[in-house]
Protein chains: 2
Amino acid sequence: MTTADNEAVQSGDKDRKFISALARGLDVLVCFMSSDRVLGNQEIAKRTGLPKSTVSRVTYTLTELGYLRYFMDQNKYCLGKTFIGLGYSMLAQMHIRRIARPLMQSLAEYTQASVNLGIRDRQNMVYIDTYRNSSTFTVQLDVGSQIPIATTSMGRAYLCALPEMERIKLMGQIRKSDEHSWPNIKLGIEQAMVDFKKKGFCYSLGEWREEVNAISVPLVASDNSEIMVFSCSGASFQLTSEMFEKDIGPRLQNLVGNVKTALSHLKV
Amino acid sequence: MTTADNEAVQSGDKDRKFISALARGLDVLVCFMSSDRVLGNQEIAKRTGLPKSTVSRVTYTLTELGYLRYFMDQNKYCLGKTFIGLGYSMLAQMHIRRIARPLMQSLAEYTQASVNLGIRDRQNMVYIDTYRNSSTFTVQLDVGSQIPIATTSMGRAYLCALPEMERIKLMGQIRKSDEHSWPNIKLGIEQAMVDFKKKGFCYSLGEWREEVNAISVPLVASDNSEIMVFSCSGASFQLTSEMFEKDIGPRLQNLVGNVKTALSHLKV
DNA sequence: AATATGAGTTCCGTATAGCGGAATTAGAGG
DNA sequence: CCTCTAATTCCGCTATACGGAACTCATATT
């Protein structure tokens with residue numbers, strides 16, 4: 001996650017092509033993505049592992065350029081507006097959203113739960129769309145929300161769809177990030193892979209958040225270039241594993257099938 | 001806009017605090033924000049004014065870190081998924097959207113046109129929300145869309161609400177970016193300022209896009225920290241200047257007033 | 001007041017990271 | 001096979017970014 005992880009740097013002699021000052025600066029920017037929106041230099045230094053003076057210079061530069069915004073009363077920073085434009089200009093080009101929208105909505109309506117579409121970025125799954133009936137309880141995750149890979153159904157479905165080599169690599173990274181709880185995490189993933197092989201979908205039953213159950217089905221683009229995941233999630237008292245198994249799972253698979261064929265027609 | 005513009009750099013001796021490698025890298029990233037989504041090194045070099053070899057190293061670094069994505073068939077790059085998360089995590093914290101939403105929707109319903117909320121980033125206005133009745137014609141601008149400041153009603157309303165010093169500075173920048181059409185652009189802005197002073201709103205009647213008319217009202221946050229702009233836009237044959245003047249303008253002003261009081265109650 | 005604490009900024013000598021012009025490679029076309 | 005165009009790599013140079021230490025500037029604490 002940090003610059004130090006970069007393979008080229010690890011492997012002995014330095015990579016003449018790699019601009020580490022840029023990497024450090026971006027490391028700082030990424031800090032602001034996680035739940036906290038307002039950070040001071042100290043906090044940033046702790047998260048990135050960069051020395052105080054470096055962080056100070058980076059935040060100075062980013063503020064000067066308008067990528068960070070400075071609150072002088074509490075001298076802390078938050079992200080500048082630029083990233084709104086960047087983020088949305090990306091989503092606009094994702095045709096899949098338009099195609100999937102009506103299907104997701106009607107499934108949300110039917111299940112009275114959330115139906116979500118996510119992709120992977122780094123160590124997280126990111127919602128790029130989510131629909132729910134207005135009466136839905138539980139956590140309200142919005143588009144752009146990030147959830148972990150290892151303990152959520154969405155992340156697990158992603159892992160199941162990933163080519164073996166990459167899956168092993170990613171699981172290694174997950175392991176490193178929390179060596180302690182790895183045994184449990186590993187069990188959860190293995191169970192997911194069994195489920196997926198047998199049924200075509202996988203779960204997270206209270207393993208991410210105590211009170212949340214979810215089921216997911218991955219969608220691998222026809223050219224294998226991208227993996228997206230559809231999930232259905234809700235309060236555990238509302239969505240039982242039997243409902244998933246017999247009703248929602250097949251419907252979700254059906255949804256994915258329909259989206260996939262619609263996509264392939266589009267791309268011709 | 002480019003690094004060279006940075007004031008500190010201009011003023012003789014260099015700013016020891018400023019990290020230019022970072023600035024250059026971000027200059028490259030920002031290239032991808034404008035309409036084109038896929039760029040090669042050559043194109044990037046042209047836009048940023050950076051030498052080929054530098055661009056090559058920057059794109060290499062950004063790709064390595066996952067901020068850019070590489071298409072090897074056409075060796076070009078596009079933005080990575082990271083920015084989806086960044087963008088959305090920003091919008092989530094904008095309370096104004098929740099407050100304004102119902103009012104914007106009902107005005108969109110009433111006018112059968114688009115009702116939009118925008119803020120400024122750099123040389124553009126950026127939509128952070130937009131509502132329209134499904135039957136609306138004309139350009140479909142989505143959240144995250146960028147429009148120019150000088151020729152749109154939204155940009156002009158922003159200029160009108162800006163403190164004089166800053167307005168002069170910004171207008172200077174606009175002038176520099178297109179010296180040739182400046183005389184006309186200036187006229188448009190001056191007209192807008194007259195309108196705004198007299199009526200409280202201003203227009204763009206076919207001046208941005210031939211077939212689009214729009215009207216805007218700015219909202220200055222009670223602590224003067226931020227300017228937002230509400231606009232109503234649609235096909236010119238559908239929204240006439242009389243309708244703006246007598247009906248839509250006052251309604252839009254009314255909307256802004258309501259949002260402002262709701263905001264101030266919230267912040268206590 | 002005096003002292004401590006904690007965060008942020010600035011200084012400054014140094015090593016080196018990043019620079020960019022030139023050479024090289026890779027591809028696409030004719 | 002040659003010509004163009006674009007991207008990459010090389011490599012010597014020096015400006016650049018680094019980071020430990022010193023310095024501010026608040027805000028508590030006694």
Side-chain angles (χ1 to χ4, degrees), chain A residues 2-29 31-32 36 38-65 67-78, chain B residues 2-4 6 8-29 31-32 36 38-65 67-78:
Chain A
T2 320
T3 308
D5 291 352
N6 176 29
E7 298 159 33
V9 171
Q10 286 178 342
S11 66
D13 60 342
K14 288 130 190 185
D15 184 350
R16 301 277 262 131
K17 283 175 280 173
F18 192 80
I19 301 173
S20 53
L22 177 52
R24 270 188 288 259
L26 290 166
D27 275 353
V28 169
L29 270 184
C31 282
F32 290 90
D36 311 274
V38 182
L39 296 172
N41 281 345
Q42 170 91 336
E43 188 63 30
I44 296 169
K46 199 179 296 165
R47 297 198 189 195
T48 56
L50 296 168
K52 280 144 54 85
S53 51
T54 300
V55 171
S56 181
R57 264 173 294 124
V58 170
T59 52
Y60 170 84
T61 305
L62 292 173
T63 306
E64 197 72 16
L65 296 170
Y67 298 107
L68 288 183
R69 186 176 166 188
Y70 178 62
F71 297 109
M72 71 150 81
D73 52 336
Q74 44 179 342
N75 47 354
K76 296 196 168 177
Y77 303 84
C78 76
Chain B
T2 321
T3 310
N6 176 29
V9 171
Q10 286 179 342
S11 67
D13 60 340
K14 288 129 191 184
D15 185 350
R16 300 280 256 126
K17 283 174 280 174
F18 192 81
I19 301 172
S20 53
L22 178 52
R24 270 187 290 259
L26 291 167
D27 275 353
V28 169
L29 270 184
C31 283
F32 289 89
D36 310 275
V38 181
L39 296 172
N41 281 346
Q42 170 93 332
E43 188 63 30
I44 296 170
K46 199 179 296 167
R47 296 198 190 196
T48 56
L50 296 168
K52 282 144 53 84
S53 50
T54 300
V55 172
S56 181
R57 264 174 293 125
V58 170
T59 51
Y60 171 84
T61 305
L62 292 174
T63 307
E64 196 72 16
L65 296 169
Y67 298 107
L68 287 184
R69 186 174 165 191
Y70 178 62
F71 297 109
M72 69 152 80
D73 50 339
Q74 43 179 344
N75 49 351
K76 296 196 168 179
Y77 303 85
C78 76

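Naming: A, B, ... by sequence-line order, numbering from 1 per chain.
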Less than 4.5 Å apart, side chain to side chain, heavy atoms only: is that true for B/D15 and A/E64? no
How long is the line joining CG of A/L68 and P of C/dG8, in whole Å? 13 Å
Check whether any side-chain nitrogen or oxygen of B/R16 sits under 4.0 Å from OP1 or OP2 of D/dC18, and answer yes or no. no
Separation of A/F71 atom CZ from C/dG8 atom P, in whole Å? 15 Å
Kindly calculate the angle separating the two end axes of the helix from C/dA1-D/dT30 to C/dG30-D/dC1, each obtained from five base pairs, and round it to 10 degrees. 40°
Would you mind building the protein contact string for nucleotides 5-10 of chain D? One character per nucleotide, 5' to 3', B for base within reach (heavy atoms under 4.0 Å), S for sugar-phosphate only, - for untouched. -SBSB-
From CG of A/L50 across to C1' of D/dG20 the rounded distance in Å is 15 Å
For A/C31 and A/T48, work out which heavy atoms get closest and say how close. SG-CG2, 3.5 Å
In the structure I gave you, are the side-chain heavy atoms of A/F32 and A/L68 within less than 4.5 Å of one another anywhere? yes
Round to a whole Å and report the spacing from CG of A/D15 to P of D/dC11. 15 Å
Is the closest side-chain heavy-atom distance between A/L29 and A/V58 below 4.5 Å? no
List every contact pair, protein side and nucleotides 26-30 of chain C side both N or O, where the distance is under 3.5 Å.
none

What residues, two or more places apart in sequence or in another chain, satisfy side-chain hydrogen bond (donor to acceptor under 3.5 Å, both in side chains) together with B/T61? none
Take atom CD1 of B/I19 and atom P of C/dT16, then tell me their distance rounded to the nearest Å. 18 Å
What heavy-atom pair brings A/K17 and B/R57 nearest, and what distance separates the two atoms? O-CG, 3.3 Å
So, using ring-ring contact (aromatic ring centres under 6.0 Å, His included) as the criterion, who are the partners of A/Y67 when residues are at least two apart? none
When the distance from CZ of B/F18 to C1' of D/dC18 is rounded to whole Å, what number comes out? 17 Å
Check the distance between D/dC18's P and A/D27's CG and give it to me in whole angstrom. 12 Å
Rounding to a whole Å, what distance do you find between A/L22:CG and D/dA17:C1'? 13 Å
Test side-chain contact (heavy atoms from CB on, under 4.5 Å) applied to B/Q42 - qualifying residues, sequence neighbours left out: none
Determine whether a donor-acceptor pair (N or O, by modelled atom type, separation under 3.5 Å) exists between the side chain of B/T59 and the backbone of B/V55. yes
Which heavy atom of A/G25 sits nearest to which heavy atom of A/L62, and what is that distance? O-CD1, 4.1 Å
Is there side-chain contact between A/F18 and B/L65, with heavy atoms separated by less than 4.5 Å? yes
